[in-house]
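Contents: one structure, followed by commentary.
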Amino acid sequence: MSMIKHSRAKRSSSQGRSQASLARSSAIMASGTLVSRVLGMVRNALIVMALGATGSGAADAFNTANNLPTYLYNMMIGGILNAILVPQIVQALRRRNGEEVVNRLLTAAATLMLVVTCIATAAAPLIFAINASSLAQGQWQMLSFAFAFWFMPQVFFYGLYALWGQVLNARSSFGPYMWSPVLNNIISIASLLAYMRIYQSYQGSETPADWGVARIALVAGTATLGIVIQAVVLYLPLRRIGFRPRVIFGVRGIGLGQTSKVASWALLGVFIASLGDWATTNLGSLAVTAAREPAYAGVVVPSTTMYANALLVYMLPQSLVTTSIITALFTRMSEKAAAGDGEGVRDDLSLGLRSVAVFTMLASAGIVVLSAQALQAFVPSISTAEAVGSAPVLIALALGIVPQGVWFTTQRVMLAYADTKRLLLADLVAGVTPVVACVVAYFLAPANLWMVGAAVGSSLGLVAASAAIVPLMRRHIPSLDGRRVLSTYLRLGMAALGAAAAGEGVRLLLGPADGSLTGSRPTDAMLTVLVAALLMTVTYLVAARLLRVEELGVLFVPLSRIIAKIGRLLPGRLGEAVLHLAHVLAPTSADRA
């Protein structure tokens, strides 16, 4: 009996350390991502000011072309990187000649990326036409193709950023990978301010003839320059951790040949999963054309640009929380999978799913309640009508935030085991569902709801893919800790409903963000978002605490340590009160601080 208690205590202590370690690593990454995202929102607002939001061919041409390198990177390289190179890097760094092996892997991957980038740049007009057929055939064709040529070299530097970042992550140096995009955003913001000073902000009457070589180079060339610097700057932290990137050709004898089939299935899977993005951008380009029809005069018709604005808000929980937590866990999963530790992988999967849900449940509820205000706050250059007309797009996307966290986490289990062949089945569900939704929206809904249909398809695809991947994981790990995970999700869901009710009350009390509160629409929106978010967060945390959601430790453990240290510096009863607060938040952590 004592041995059982000792085993349980040991496992509980191990889980506590794991959770604390996860919290520290996630906090480091989240801080950099937060700054980057805030600057990214500033950048996005400036793009709308400079190029327009709805009914602007230049804005849609810019946003579509700027997204193409990301799509191509994800389709052609990203899947291989996650499926093969991350586990290979983790294993290689254990070897005596680990640095040489990793450099051979990086050289081979960089060579592949360079070849892909050269081909993609040469075929830039064709690639753009495939992804936005309506823009590629209309009056904005030449500008669209020009943007595509300028942006396509980003593919290589996105890949280089990811490769060097994975080496840093494998060495538990998480900060630089998340902080380097800050430089990219600063460069973009500076270039957009210069653009508006020279060419003024969007007036609604620009034509393709207004766009000369200098104007295109200023807005597009600096965007690509930012991606270049984002990647190259990682060379410095690599040297700081003792790794020297070198060009070494040849991958024979390092075991990479055995994983060629894994790479092929990964490539096919990522391509299929990206079909939804392809359908969405094509539908968005059709919406730009439809917005000019007399039937939609005076009606806000969201297109690619406003979908991208909604996507920026929707992606915040993933970039700040999900990616930070799961990136820290993925390396551990890969190590345990390679060692045959199925129970360890299961524990990391359970911890990841539950920890991510603490944040995504609240984020989903908050964005659904405050959709229009969030768009006005984060993209202050759009009008109230554009925000209200695009809010349903954001609501539909927000309903997929929790499934997106589940899908991203469970994918990593399959990738840790390099089982990309079976993962293809779930990828098929994730990719085809949004395509069907886009087709249905195009034929059955008015143009102003096309992007809503695309957003609904995205969320449904994530739900379906998350369900499809469950039986696939059972082939590798003994159980999914399903009862514990579902129990946590149910309790967090109840807390989120209470928070949503509180947020809705604030929204109704403060009214629409029309400038009546502060004299400025964006300031009204930001005030509403801040007040509602604060009340929703407090309501959510109190409810979750009362419902005994232990996963709040991911948030409360580091917070309680900070509060405990402050309490020890304060005199008398004030210090005791602060220490008591730290103990209430996370008793064990406060005692150790």
Side-chain angles (χ1 to χ4, degrees), residues 38-67 128 132 135 138-151 184-227 284-285 287-289 291-292 297-298 300-310 312 375-390 513-515 518-526:
V38 169
L39 292 176
M41 288 178 176
V42 173
R43 169 186 173 272
N44 199 63
L46 291 175
I47 289 174
V48 172
M49 290 178 65
L51 304 179
T54 57
S56 170
D60 273 41
F62 177 91
N63 283 293
T64 302
N66 198 28
N67 287 332
F128 188 97
L135 281 173
Q139 63 174 330
W140 296 98
Q141 180 190 70
M142 296 311 297
L143 180 61
S144 299
F145 292 169
F147 280 147
F149 277 121
W150 274 101
F151 291 141
N184 170 33
N185 284 318
I186 290 173
I187 292 170
S188 294
I189 289 169
S191 68
L192 288 165
L193 290 172
Y195 171 89
M196 285 188 288
R197 184 174 181 82
I198 297 170
Y199 299 104
Q200 297 185 331
S201 58
Y202 179 69
Q203 303 298 318
S205 58
E206 286 85 346
T207 66
D210 297 321
W211 285 83
V213 175
R215 189 172 186 172
I216 295 171
L218 176 59
V219 73
T222 51
T224 295
L225 176 64
I227 301 300
S285 71
V288 174
T289 304
R292 299 192 185 96
V300 173
V301 180
S303 57
T304 302
T305 297
M306 283 311 300
Y307 189 89
N309 287 329
L312 190 69
L375 286 172
Q376 288 177 284
F378 296 130
V379 194
S381 46
I382 64 174
S383 66
T384 301
E386 287 171 329
V388 173
S390 303
D514 56 4
T518 64
S520 166
R521 289 184 291 104
T523 309
D524 275 9
M526 183 60 73

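Positions are given from 1, in the same order as the sequence printed here.
- Considering all non-hydrogen atoms of both residues, F151 and A220 come closest at CE2-O, 3.6 Å.
- The two residues A377 and A525 have their closest heavy-atom pair at N-CB, 3.8 Å.
- Across all non-hydrogen atoms, the minimal contact from T304 to T64 is CG2-OG1, 3.6 Å.
- The main-chain N or O of Q376 is never found under 3.5 Å from a side-chain atom of R521 such that the two would form a donor-acceptor pair.
- With no hydrogens or angles considered, a side-chain donor-acceptor pair links N63 and T305 at under 3.5 Å.
- In this pair, W211 and Y195 present their aromatic rings parallel. The plane angle is below 30°, not in the 30 to 60° band.
- For the atom pair CE (M196) and CG (L46), the distance works out to 4.5 Å, reported to the nearest 0.5 Å.
- To the nearest 0.5 Å, the span separating OG1 on T224 from CG on N66 amounts to 7.5 Å.
- Listed by chain and residue number, nothing satisfies the side chain to side chain donor-acceptor pair (under 3.5 Å) test with Y199 (two or more places apart in sequence, or in another chain).
- Minimum heavy-atom separation, S188 to S191: O-OG, 2.8 Å.
- The closest side-chain heavy-atom distance from F378 to N309 is not below 4.5 Å.
- Taking every heavy atom of both residues into account, G284 and D60 meet most closely at O-OD2, 3.9 Å.
- In this structure, the side chains of V42 and N185 stay at 4.5 Å or more apart for every pair of heavy atoms.
- Summarising the geometry, atom CG belonging to L39 is positioned 10.0 Å from atom CG belonging to N184; distances are rounded to the nearest 0.5 Å.
- For W150, there are no ring-ring contact (aromatic ring centres under 6.0 Å, His included) partners at least two apart in sequence or on another chain.
- At most 12 heavy atoms of other shown residues, nucleotides or ligands fall within 6.0 angstrom of atom CE in M49.
- Nearest heavy-atom pair across P302 and G389 is CG-O, 3.7 Å.
- Y307 pairs by the ring-ring contact (aromatic ring centres under 6.0 Å, His included) definition with nothing, not counting sequence neighbours.
- Rounding to the nearest 0.5 angstrom, the gap separating the CD1 atom in I198 from the CG atom in L193 is 11.0 Å.
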